[in-house]
Trainee: 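The structure is given below, and queries will be raised subsequently.
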Amino acid sequence: MSAKQKLTDVLIIGASASGLMCAIEAGKRGRKVTVLDHANKAGKKILMSGGGRCNFTNMEISADNFISHNPHFCKSALSRYTQWDFIALVNEHKIPFHERDLGKLFCDVSAKQILDMLLDECKKAKVNIQLNCSIGDIEQLNNNAFLIQTDKDLYKAQSLVVASGGLSIPKMCASPLGYKIAEQFGHNIFPTRAGLVPFTLQPDDKKQLEALSGISVDCHVSNDAIAFKENILFTHRGLSGPAILQISSYWQPGEAITIDLLPELDVAHIIKNRQAKQANIKLKTVLTEILPKRILPALLGDTIDKPLQELSNIRINEIAQNIHHWSIKPGGTEGYRTAEVTLGGVDCDELSSKTMASNKVPGLYFIGEIIDVTGWLGGYNFQWAWSSGWCAGQVV
Ligand SMILES: Cc1cc2nc3c(=O)[nH]c(=O)nc-3n(C[C@H](O)[C@H](O)[C@H](O)COP(=O)(O)OP(=O)(O)OC[C@H]3O[C@@H](n4cnc5c(N)ncnc54)[C@H](O)[C@@H]3O)c2cc1C
């Protein structure tokens with residue numbers, strides 16, 4: 001190991017959402033904090049989040065918006081550092097923001113303002129951030145201090161905080177380091193998989209649905225576990241859009257999803273009504289009033305050219321069934337390449353829900369996405385990063 005040893009109270013691996021929040025809080029307590037990151041820039045995922053506007057939290061946060069093997073674990077942290085606390089910080093920094101559908105809060109101008117705010121707070125708290133830093137061996141000494149070898153220095157720290165995130169978007173510097181550290185120190189890890197991710201399609205469906213690329217519809221998408229009412233988007237690769245991303249986190253390979261393309265309407269009733277008044281008009285004339293025209297052939301084939309008078313009640317009910325219960329079996333997901341989050345991770349039952357401290361190894365902490373807590377789309381994942389990072393920051 002290198003001769004040059006640097007002492008720090010707290011060493012945090014990962015200079016992004018959870019790591020910076022933890023650093024700020026620990027620094028404010030007078031702790032000497034060092035944050036290491038192998039990226040050339042802090043907070044890359046913050047910068048790319050929310051289409052560049054960062055959906056930084058949500059007006060309505062509850063444990064129901066999170067997926068975990070222990071659904072109660074997130075409650076303590078989310079109630080100790082709430083969305084209102086983060087909104088207060090955003091207001092303090094005079095960052096303009098707005099509310100979108102379902103309580104999502106976005107910056108008016110740029111996600112960079114959120115990162116700048118965190119970096120500004122880090123500066124005030126005298127946090128030392130080292131970028132372009134490759135992390136090597138980590139060991140714990142008899143006195144519980146940690147030795148962390150990097151390509152530049154050897155650090156000795158009383159507390160080690162793993163804030164290295166999940167596996168999503170390797171191009172944005174995601175790596176499995178945190179899981180390896182958890183494993184090294186005897187922590188159980190639930191298998192990881194991509195979440196909030198577009199679906200790919202089976203070859204036949206792909207051929208049929210490719211023509212719909214670019215169409216978006218407000219839908220009700222469900223499987224046996226859950227239902228979401230948001231937008232879906234047909235793409236040249238498959239299915240995307242908020243409702244699809246949401247259900248992808250609850251999807252298992254081989255399962256079908258059901259799409260209700262017109263959740264607010266009773267299609268059978270609409271067709272039968274029109275049939276009574278205008279029996280000569282074609283089915284597609286009626287349906288293009290309520291659905292995008294391009295979607296109809298894929299959904300109903302030649303039937304769309306039939307005049308309403310040729311449709312029996314049974315056929316009308318079948319047509320309505322196709323529209324309200326369109327079953328699609330995805331071929332798979334686009335995987336970590338485009339996923340917004342990683343499901344699974346460090347087992348919550350081996351951490352303190354109040355402080356994120358390891359129950360097994362004194363001085364070791366895990367925060368943010370690396371833990372087996374995954375939020376829905378809508379600002380929940382950042383709120384988890386802020387809340388878990390804040391909680392660890394009070395004690396490290
Ligand atoms: C495209 C996209 C858009 C998103 N938009 C939103 C949104 O609008 N709202 C929302 O709530 N969530 C959003 N998310 C999810 C959100 O970004 C993450 O849940 C959140 O950033 C997790 O924070 P974290 O601190 O745990 O991990 P990360 O933000 O992933 O940070 C981990 C840090 O660790 C560093 N690191 C990794 N491996 C190593 C290593 N080996 N050595 C040193 N450093 C390492 C990384 O460089 C990174 O800086 C989005 C995600 C993506 C991919």
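No experiment lies behind these values; they were computed from the predicted model shown. Counting from 1, the numbers follow the sequence of the chain as shown. Ligands are counted one by one from 1 in listed order, and the atoms in each one are counted from 1 as well.
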Trainee: Give the single entry among Glu340, Gln383, Met21, Lys45 that approaches atom 50 (C) of ligand 1 most closely by any heavy atom.
Mentor: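 Considering heavy atoms of Glu340, Gln383, Met21, Lys45, the nearest to atom 50 (C) of ligand 1 sits in Glu340.
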Trainee: Say whether Ala174 and ligand 1 are in contact under the criterion: heavy-atom distance to a ligand atom below 4.0 Å.
Mentor: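 So Ala174 does not count as touching ligand 1.
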Trainee: Can you find a side-chain donor-acceptor pair between Lys272 and His269 that sits under 3.5 Å?
Mentor: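 No, no side-chain donor-acceptor pair sits under 3.5 Å.
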Trainee: For Ser175, counting its heavy atoms only, list the atoms of ligand 1 lying under 4.0 Å from any of them.
Mentor: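 Answer, ordered by atom number: 37 (C), 38 (N), 39 (C), 40 (C), 41 (N).
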Trainee: Below 4.0 angstrom from a heavy atom of Asn55, which ligand 1 atoms are there? Numbered from 1 as shown, please.
Mentor: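 This gives 7 (C), 8 (O), 9 (N), 10 (C), 11 (O) as the contact atoms.
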Trainee: Testing the 3.5 Å rule here: is there a donor-acceptor pair between the side chains of Lys41 and Asn132?
Mentor: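 Note: Lys41 and Asn132 side chains miss the donor-acceptor criterion.
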Trainee: Considering heavy atoms of the protein only, find what lies nearest to atom 24 (P) of ligand 1 and give residue, atom and distance to 0.1 Å.
Mentor: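 Checked against all protein heavy atoms, atom 24 (P) of ligand 1 sits closest to Ser18 OG, 3.5 Å.
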Trainee: Which residue and non-hydrogen atom of the protein lie closest to atom 31 (O) of ligand 1, and at what distance in Å?
Mentor: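 It is Ser16 CB, 3.0 Å.
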Trainee: Can you check whether Trp390 and Phe86 have ring centres sitting under 6.0 Å from each other?
Mentor: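 No, the ring of Trp390 stays outside the 6.0 Å limit from the ring of Phe86, centre to centre.
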Trainee: Assess, by modelled atom type and distance only, whether the side chains of Gln394 and Glu25 contain a donor and an acceptor separated by less than 3.5 Å.
Mentor: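 Checked: Gln394/Glu25 side chains pair up, N/O donor to acceptor below 3.5 Å.
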Trainee: The criterion is salt bridge (Lys or Arg N to Asp or Glu O under 4.0 Å); which residues satisfy it with Lys329, sequence neighbours excluded?
Mentor: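 Applying salt bridge (Lys or Arg N to Asp or Glu O under 4.0 Å) to Lys329 gives none.
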Trainee: Does a donor on one side chain and an acceptor on the other come within less than 3.5 Å for Glu255 and Asn223?
Mentor: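 Their side chains do contain a donor-acceptor pair, which is all the 3.5 Å distance test asks for.
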Trainee: Should you measure from each heavy atom of Ser49, which atoms of ligand 1 turn up under 4.0 Å away?
Mentor: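 Once the distances to Ser49 are compared, the set is 3 (C), 4 (C), 5 (N), 6 (C), 7 (C), 8 (O).
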Trainee: Is the distance from the ring center of Phe56 to that of Trp386 below 6.0 Å?
Mentor: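 Between Phe56 and Trp386, the centre distance exceeds or equals 6.0 Å.
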Trainee: Of all the non-hydrogen atoms in the protein, which one sits nearest to atom 23 (O) of ligand 1, and at what distance?
Mentor: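 The answer is Ala17 CB, 3.7 Å.
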Trainee: Are His220 and Glu264 linked by a side-chain donor-acceptor pair shorter than 3.5 Å?
Mentor: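 Short answer, no.
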Trainee: Are Gln83 and Asp85 linked by a side-chain donor-acceptor pair shorter than 3.5 Å?
Mentor: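 On atom types as modelled, these side chains do not qualify, holding no pair under 3.5 Å.
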Trainee: Would you say Ala163 contacts ligand 1, with heavy atoms under 4.0 Å as the rule?
Mentor: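 Yes.
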Trainee: For Met48 and ligand 1, answer yes if some heavy atom of the residue is under 4.0 Å from a ligand atom, otherwise no.
Mentor: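 Judged by the 4.0 Å heavy-atom criterion, Met48 does count as contacting ligand 1.
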Trainee: Distance under 4.0 Å to a non-hydrogen atom of Glu369: what atoms of ligand 1 satisfy this?
Mentor: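 Near Glu369, the atoms of ligand 1 are 18 (C), 19 (O), 20 (C), 22 (C), 26 (O).
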Trainee: How close does the nearest protein non-hydrogen atom get to atom 27 (O) of ligand 1, and which residue and atom is it?
Mentor: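 Going atom by atom, the protein heavy atom closest to atom 27 (O) of ligand 1 ends up being Gly165 CA, 3.4 Å.
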Trainee: Are Phe146 and Phe185 close enough that their ring centers fall under 6.0 Å?
Mentor: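 They qualify: ring centres under 6.0 Å apart.
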Trainee: Which atom pairs, donor and acceptor, lie under 3.5 Å between side-chain atoms of residues 162-174 and protein residues at least two apart or in another chain?
Mentor:
| unit_1 | atom_1 | unit_2 | atom_2 | d |
| --- | --- | --- | --- | --- |
| Ser164 | OG | Gly178 | N | 3.3 |
| Ser168 | OG | Val341 | O | 2.9 |
| Ser168 | OG | Thr342 | N | 3.4 |
| Ser168 | OG | Thr342 | OG1 | 2.9 |

Trainee: Quick check, are the ring centers of Phe366 and His187 under 6.0 angstrom apart?
Mentor: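 Yes.
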Trainee: Just which atoms of ligand 1 are under 4.0 Å from any heavy atom in Ala39?
Mentor: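 Counting from 1, the qualifying ligand atoms are 47 (O).
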Trainee: Identify, for atom 43 (C) of ligand 1, the protein heavy atom at the shortest distance, and state residue, atom and that distance.
Mentor: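 Minimum-distance protein heavy atom for atom 43 (C) of ligand 1 reads His38 N, 3.1 Å.
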Trainee: Evaluate Ala339 for polar contact with ligand 1, using N/O atom pairs at a separation under 3.5 Å.
Mentor: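 Between Ala339 and ligand 1 (N or O atoms, distance only) the closest approach is not under 3.5 Å.
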Trainee: Could you list which atoms of ligand 1 come closer than 4.0 Å to a heavy atom of Leu177?
Mentor: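 Answer for ligand 1: 40 (C), 41 (N), 42 (N).
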Trainee: Taking the minimum heavy-atom distance to atom 13 (C) of ligand 1, which of Trp384, Phe382, Trp376, Phe56 ranks first?
Mentor: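 Shortest heavy-atom distance from atom 13 (C) of ligand 1: Phe382.
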Trainee: What are the atoms of ligand 1, with element, lying closer than 4.0 Å to any heavy atom of Asp37?
Mentor: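 Atoms satisfying the 4.0 Å criterion: 33 (C), 34 (O), 35 (C), 43 (C), 44 (N), 46 (C), 47 (O), 48 (C), 49 (O).
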Trainee: May I ask you to list the atoms of ligand 1 that are less than 4.0 angstrom from any heavy atom of Ile135?
Mentor: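 This gives 42 (N), 43 (C) as the contact atoms.
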